[in-house]
Number of protein chains: 2
Amino acid sequence: MSTEPEVPANRAPTLTDVAKLAGVSVATASKAINGRDEVKAATRARVLKAAELLSFAPNALARALLGGRTGTVGLLTSDLEGRFSIPILMGAEDAFGAGQVSVFLCDARGDAIREAYHVRALLSRRVDGLIVVGSDTDPRPPLAGTIPVPVVYVYAPSADPGDISITVDNVGGGRLAIDHLLACGRRNIAHVTGEPGFAAARDRAEGAAAALTDAGLTMLGGKPYYGSWDETWGGPRRTSWSSSTPRWTPFSAAATRSRGASWRPCVTSGAMCPMRSP
Amino acid sequence: MSTEPEVPANRAPTLTDVAKLAGVSVATASKAINGRDEVKAATRARVLKAAELLSFAPNALARALLGGRTGTVGLLTSDLEGRFSIPILMGAEDAFGAGQVSVFLCDARGDAIREAYHVRALLSRRVDGLIVVGSDTDPRPPLAGTIPVPVVYVYAPSADPGDISITVDNVGGGRLAIDHLLACGRRNIAHVTGEPGFAAARDRAEGAAAALTDAGLTMLGGKPYYGSWDETWGGPRRTSWSSSTPRWTPFSAAATRSRGASWRPCVTSGAMCPMRSP
DNA sequence: CTGAAAGCGCTTACAG
DNA sequence: CTGAAAGCGCTTACAG
């Protein structure tokens with residue numbers, strides 16, 4: 001054990017610094033710090049004290065270079081500003097545990113070139129896996145090239161059925177909504193939804209229609225009311241209607257203005273139902 | 001140059017693989033790939049072709065171990081779900097450039113313990129710097145311990161004036177709002193704002209009051225209307241008022257329901273004004 | 001129980 | 001122009 005602390009000058013302390021201060025070899029210091037049991041208790045204590053003294057934090061890069069795992073994951077979103085990436089990111093973070101696995105967040109801004117850049121960077125950082133989050137439930141083209149790590153597509157499934165995708169059961173969601181209204185005693189039920197160009201809108205409509213049919217009912221107006229994906233379309237404030245839509249105001253937008261709890265976006269046709277695998 | 005491609009079996013291709021395939025040493029392969037000019041053009045071409053063939057992506061970890069820089073930054077937020085972290089994250093990402101610097105996103109969920117865990121993890125991953133994003137403009141305690149990399153506090157400044165903080169000029173924001181209304185010809189101006197426990201509310205009120213005083217006017221009601229940080233407080237729908245607030249409805253919440261553009265949160269007292277350093 | 005040695009994938013002086 | 005060698009910070013067999 002040297003006489004003075006020898007705090008390293010201008011760089012982060014290394015295992016060698018710790019070992020030197022504790023008067024052992026780096027091999028032993030490594031074992032002590034990693035909780036291997038082939039170390040005498042007194043030795044371990046000395047090493048740990050030295051590490052503490054130097055505020056030693058093991059270099060995860062060096063460790064990863066050996067182990068093959070980096071403990072990092074890339075989360076690639078196409079639409080960070082949107083409503084869906086953040087909850088998914090938070091769920092992933094929770095699952096990974098604070099500090100166990102760290103996530104690289106990349107926003108491709110809906111641009112394929114940008115996405116490719118990010119993938120390249122993430123792979124050279126040797127992430128252990130990739131999570132690709134889309135902003136709607138329409139299938140998207142899989143990542144180009146051979147990706148040497150596991151990839152999970154979330155929200156927007158991969159167009160390749162061989163890939164692993166976690167997406168929303170929108171057909172089931174449409175069913176759930178109708179079943180709920182039926183359970184409330186309603187019989188005259190309309191379906192107000194988003195643009196028919198989205199799989200989400202079509203799928204929910206399909207589920208809703210099926211549930212109504214099962215109940216021996218028909219949809220009010222005979223078909224879903226497709227419209228734009230915003231609260232205005234579902235709200236009561238509409239004053240002029242196009243000829244293809246009925247003169248009738250289905251929902252109150254009151255939920256979007258509820259008092260108290262912090263203010264949250266609210267979609268009128270079920271996008272907020274819990275995610276489940278298909 | 002070997003006769004068959006020798007694609008490595010079950011692992012990512014390394015510089016050694018590339019060098020072998022190109023028939024040069026790793027040193028030369030390294031120089032060729034990194035664009036050093038001490039390499040014969042023909043040799044460089046051969047190396048690049050080999051790299052291409054193997055889909056070689058240099059191991060950023062190994063590179064970082066040498067260079068001292070990792071090209072990564074930690075972004076530590078306390079409130080990912082809130083309104084402010086995401087725009088800041090996107091700005092940072094833009095500034096870093098896709099794939100040049102990657103950002104680790106960590107959400108401390110407002111918990112100091114969790115924050116400490118994340119800091120520890122980020123430091124062991126040897127980030128080149130840290131961005132700490134708060135959810136309001138009240139000063140926050142600086143990160144505990146000695147942080148060996150540059151730290152920038154954003155939105156919520158550090159309580160230590162020696163630290164670098166980028167925050168919002170709320171006093172100036174309050175002034176701007178009043179100046180705008182004055183320019184529109186208004187003379188009876190009230191200030192409806194958030195809870196007085198927040199520096200943001202107090203600062204904006206201060207700026208607004210000062211601008212009114214400068215114009216020889218007084219604030220309608222004689223003082224700011226402090227209330228909860230939500231649209232309801234600023235909106236027209238209020239039916240009952242506490243005795244401390246006037247029977248008067250200041251703002252229309254219509255902006256939060258505007259048609260067309262995708263739906264955005266809207267704060268009634270200026271939080272959305274552009275950020276500037278103090 | 002402890003330590004010398006090899007090696008993870010790369011870069012950088014330093015000889016040839 | 002090219003390559004052998006050392007080294008970044010760590011871990012892991014393998015001897016002692």
Side-chain angles (χ1 to χ4, degrees), chain A residues 1 8-48 50-51 54-72 123-128 148, chain B residues 1 8-48 50-51 54-72 123-128 148:
Chain A
M1 181 109 76
N10 219 354
R11 52 183 184 73
T14 96
L15 229 210
T16 306
D17 298 320
V18 174
K20 211 167 281 174
L21 181 55
V24 299
S25 71
V26 278
T28 300
S30 171
K31 287 165 197 157
I33 283 183
N34 290 306
R36 308 295 227 75
D37 50 355
E38 329 111 91
V39 183
K40 193 160 58 170
T43 308
R44 180 190 312 282
R46 213 142 33 91
V47 171
L48 292 181
L54 298 176
S55 309
F56 171 73
N59 185 324
L61 282 68
R63 198 177 275 195
L65 201 50
L66 277 291
R69 285 185 64 244
T70 56
T72 62
L123 291 181
S124 82
R125 295 193 193 287
R126 296 295 187 264
V127 291
D128 296 328
Chain B
M1 179 109 73
N10 219 354
R11 52 183 186 72
T14 97
L15 229 210
T16 306
D17 298 321
V18 174
K20 210 168 282 174
L21 182 53
V24 299
S25 72
V26 279
T28 300
S30 170
K31 287 165 199 155
I33 283 183
N34 291 307
R36 306 296 226 77
D37 50 355
E38 327 112 91
V39 183
K40 192 161 58 172
T43 309
R44 181 191 311 283
R46 212 139 37 89
V47 171
L48 291 181
L54 298 175
S55 310
F56 171 72
N59 185 326
L61 282 68
R63 197 176 277 193
L65 202 49
L66 278 289
R69 285 186 64 245
T70 56
T72 62
L123 291 180
S124 81
R125 295 195 193 285
R126 296 295 186 264
V127 290
D128 296 328

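Each chain gets a letter, A, B and so on, in the order its sequence line appears, and its residues count up from 1.
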Base, sugar-phosphate, or nothing for R36(B), non-hydrogen atoms under 4.0 angstrom? sugar-phosphate
On a heavy-atom basis, the closest approach of A64(B) and L61(A) is CB-CD2, 3.2 Å
Check your understanding: Is N59(B) close to L65(A) at the side-chain level, that is, under 4.5 Å between some pair of heavy atoms?
Key -> yes
Note: chain B reaches DNA chain D at heavy-atom distances under 4.0 Å over the stretch, first to last nt, 5' to 3', of dC1(D) to dG9(D)
Under the rule of Watson-Crick or G-U wobble with both distances under 3.5 Å, where | means paired to another strand and [ ] a crossing pair, DNA chain D maps to |||.||||||||.|||
Exactly one of V47(A), L48(A), L21(A), L15(A) clears side chain to side chain contact (heavy atoms under 4.5 Å, CB included) with F56(A), and that residue is L15(A)
5'-most contact on DNA chain C (nearest-nucleotide basis), A41(A) vs A27(A), goes to A41(A)
What residues 61-70 of chain A contributes to the DNA chain C interface at heavy-atom separation below 4.0 Å is L65(A), L66(A)
Assert: residue with more 5' nearest nucleotide on DNA chain D, out of E38(A) and V26(A), is V26(A)
query = Are K20(A) and L54(A) close enough that some pair of their side-chain heavy atoms sits under 4.5 Å apart?
reply = no
Side-chain (R125(B)) to main-chain (A60(A)) donor-acceptor, under 3.5 angstrom: no
Please check this pair: side chain of R44(A) against backbone of R36(A), looking for a donor-acceptor N/O pair closer than 3.5 Å. yes
Between V24(B) and K31(B), is any pair of side-chain heavy atoms under 4.5 Å apart? no
Nearest heavy-atom contact between P58(A) and S124(B) is O-CB, 3.2 Å
Scanning both residues in full, the closest heavy-atom pair of V39(B) with A32(B) reads CG2-N, 3.9 Å
Nearest heavy-atom contact between D17(B) and P13(B) is OD2-CA, 3.3 Å
